[in-house]
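Inspection log for the structure reproduced underneath, given as structure tokens.
Numbers restart at 1 for each chain; the letters A, B, ... are given by sequence-line order, proteins then strands.
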Protein chains: 2
Amino acid sequence: MAKKGLDSKIIISTAAQLVEEKGYDHFSLNELALKLGVKTASLYNHIEGIQEVNSKVSHLAVSRLHLILEESIARKERDEALMSLTMAYRDFAKKNPELYKAVIKLPSSEDDQLKESGAQVVEPIIAILRKYALNEVDMIHFSRALRSAIHGFVEMEEAGFFRRHDANIDISYEKMIKGYILILNSYNN
Amino acid sequence: MAKKGLDSKIIISTAAQLVEEKGYDHFSLNELALKLGVKTASLYNHIEGIQEVNSKVSHLAVSRLHLILEESIARKERDEALMSLTMAYRDFAKKNPELYKAVIKLPSSEDDQLKESGAQVVEPIIAILRKYALNEVDMIHFSRALRSAIHGFVEMEEAGFFRRHDANIDISYEKMIKGYILILNSYNN
DNA sequence: TTACTAAAACTAATGCTATTAGTTTTAGTC
DNA sequence: GACTAAAACTAATAGCATTAGTTTTAGTAA
């Protein structure tokens with residue numbers, strides 16, 4: 001019963017690990033406590049409840065995605081940067097499918113947090129778009145469409161919606177991105 | 001304790017109603033039984049378990065969406081049909097946000113069922129695309145991109161990701177769809 | 001070195017959840 | 001009117017999140 005040196009950070013990163021191992025929908029505080037070598041009730045010395053854990057796991061997921069997106073566009077710009085970012089995004093979702101599910105679940109309650117976290121994914125996209133000749137409003141319209149396409153694609157792919165045909169799925173994705181790049185370049189320059 | 005005349009159909013449609021009322025994540029067999037005026041255990045005379053209910057609710061959701069998509073393209077074709085279908089899709093998701101969540105959850109276990117249900121949404125889209133000059137493979141690539149964009153958009157909108165700016169969200173959607181129509185028409189004709 | 005305190009662990013209990021086993025009632029048929 | 005199978009029931013189990021109350025620990029002050 002010695003103090004285990006638990007803190008919120010260890011709890012959340014272990015939770016994220018558990019989410020990836022057992023699946024987002026099968027995460028439980030019991031298993032989390034077990035993995036931490038602690039009784040379930042003891043977790044409540046460090047957390048408010050399970051929804052706080054879920055929320056923080058979502059923020060962790062977004063942070064990791066953000067990091068990867070930033071890395072993907074380092075020393076790149078325009079078409080090359082956009083292709084690199086979108087590939088890195090899908091790669092992240094494929095390597096961390098269960099954790100990625102947490103990204104879309106950022107609880108809509110805590111609105112300010114949501115804004116900040118949402119911004120983490122938009123930010124590198126906007127950074128790329130600034131190198132094209134779009135006005136501010138069109139940039140937002142375009143970024144929404146692009147994020148929709150990327151997120152929609154990786155989620156539907158993971159859910160198994162794109163299994164049916166013999167059309168190669170990597171090519172589908174690449175063609176989709178190239179379509180966006182085409183539209184982007186048509187704005188002028 | 002008279003027989004209540006329960007059957008799978010009534011159970012599933014009531015479940016769908018409950019999902020919409022209480023939210024997809026707060027659905028329970030207890031509340032379902034309560035709403036049907038029956039004890040929870042009695043449900044098991046008609047269903048295997050909760051995952052069967054979830055699965056069938058998903059199929060119901062897809063069927064309803066399919067119906068609406070078919071209606072939306074009746075007596076229309078090409079650009080007009082595509083615009084109508086995509087607007088109807090988003091409309092459905094906005095009017096039935098909780099039920100729409102069931103659409104993406106078609107359990108990946110039952111593969112054959114999944115193929116069939118997935119097909120229900122692709123089918124009317126493919127029907128429209130046949131009027132354009134795409135070959136079979138490009139049609140599949142394009143339909144994947146389009147479905148990704150539509151689904152991604154409505155899900156991210158519902159999750160609250162598009163709240164930040166003053167760019168009008170309806171216009172974002174319309175511009176996105178018009179982008180796809182532009183690409184589609186560029187294939188030739 | 002001892003006493004005190006607050007944090008962090010614990011045990012135990014509550015009320016949800018889905019599910020199963022066994023029992024009683026009902027509706028329809030022979 | 002008796003029989004049968006379906007469909008309701010009651011009761012119990014196991015797992016879940018959460019809360020209250022208790023004990024232990026680590027660190028500080030006397």
Side-chain angles (χ1 to χ4, degrees), chain A residues 1-60 98-99 101-102 105-110, chain B residues 1-60 98-99 101-102 105-110:
Chain A
M1 218 187 301
K3 289 201 180 183
K4 305 285 175 38
L6 274 197
D7 63 20
S8 179
K9 197 171 180 180
I10 295 176
I11 290 176
I12 299 306
S13 65
T14 306
Q17 205 178 318
L18 203 54
V19 162
E20 200 50 65
E21 283 171 21
K22 301 297 173 81
Y24 188 86
D25 293 329
H26 298 97
F27 169 80
S28 78
L29 292 184
N30 284 354
E31 274 188 286
L32 177 57
L34 192 69
K35 190 158 191 162
L36 289 164
V38 153
K39 299 293 172 185
T40 309
S42 305
L43 296 174
Y44 285 81
N45 285 312
H46 306 277
I47 60 168
E48 292 289 329
I50 195 173
Q51 96 281 15
E52 183 192 336
V53 176
N54 286 330
S55 172
K56 288 193 173 169
V57 166
S58 288
H59 283 102
L60 178 67
E98 296 299 329
L99 196 56
K101 288 177 187 165
K105 297 230 182 183
L106 279 174
S108 47
S109 41
E110 15 141 41
Chain B
M1 219 188 298
K3 290 199 179 183
K4 305 284 174 41
L6 274 197
D7 63 19
S8 179
K9 197 171 179 180
I10 295 176
I11 290 176
I12 300 306
S13 65
T14 306
Q17 205 179 317
L18 203 53
V19 162
E20 200 51 64
E21 283 171 21
K22 301 296 173 80
Y24 188 86
D25 294 327
H26 298 97
F27 170 80
S28 79
L29 292 185
N30 284 355
E31 273 187 287
L32 178 57
L34 191 70
K35 191 158 190 163
L36 289 164
V38 152
K39 299 293 173 185
T40 309
S42 305
L43 296 173
Y44 285 80
N45 286 311
H46 306 277
I47 59 168
E48 292 289 330
I50 195 173
Q51 97 280 17
E52 183 192 336
V53 176
N54 285 331
S55 172
K56 289 194 172 169
V57 166
S58 287
H59 284 101
L60 179 67
E98 296 299 329
L99 196 56
K101 288 176 186 164
K105 297 232 181 181
L106 278 174
S108 46
S109 41
E110 14 142 40

**Asked** Using a heavy-atom distance cut-off of less than 4.0 Å, which residues of residues 23-31 of chain A contact DNA chain D?
**Response** A:S28, A:L29, A:N30

**Message:** Could you work out, with side chain to side chain contact (heavy atoms under 4.5 Å, CB included) as the rule, every residue matching B:I12, not counting sequence neighbours?
**Reply:** B:S8, B:V53, B:K56, B:V57, B:L60

**Prompt:** Could a donor-acceptor pair under 3.5 angstrom be found where the side chain of B:N45 meets the base of D:dA6?
**Reply:** no

**Gap between atoms NZ and P, on B:K39 and D:dA12 respectively (whole Å)** = 15 Å

**Prompt:** In residues 12-19 of chain A, what residues come within less than 4.0 Å of DNA chain C, judged by heavy atoms?
**Reply:** none

**Asked** Picking from C:dC10, C:dA21, D:dA8, which would you name as closest to the side chain of A:V38?
**Response** C:dC10

Donor-acceptor contacts, no H, no angles, side chain residues 14-23 of chain A, under 3.5 Å, sequence neighbours left out:
from  : atom 1 : to    : atom 2 : distance (Å)
A:T14 : OG1    : A:I10 : O      : 2.7
A:E20 : OE1    : A:E98 : N      : 3.4
A:E20 : OE1    : A:L99 : N      : 2.8
A:E20 : OE2    : A:E98 : N      : 3.3
A:E21 : OE1    : A:K35 : NZ     : 2.8
A:E21 : OE2    : A:K35 : NZ     : 2.5
A:K22 : NZ     : A:E31 : OE2    : 2.4

**Complete:** Side-chain atoms of A:L6 come closest, of D:dC9, C:dA9, C:dT11, to C:dA9

**Item:** A:S42 side-chain N/O to C:dA8 phosphate OP1/OP2 under 4.0 Å
**Value:** no

**Message:** Rounded at 0.5 Å granularity, tell me how far CG in B:N45 sits from CG in B:L6.
**Reply:** 9.0 Å

**Asked** By side chain to side chain contact (heavy atoms under 4.5 Å, CB included), which residues pair with B:N30, not counting sequence neighbours?
**Response** B:S28, B:T40

**Item:** A:A41, nearest nucleotide to its side chain (from C:dC10, C:dA21, D:dA17)
**Value:** C:dC10

**Atom pair distance, as rounded to whole Å: CD1 in A:I47 and C1' in D:dA17** = 10 Å

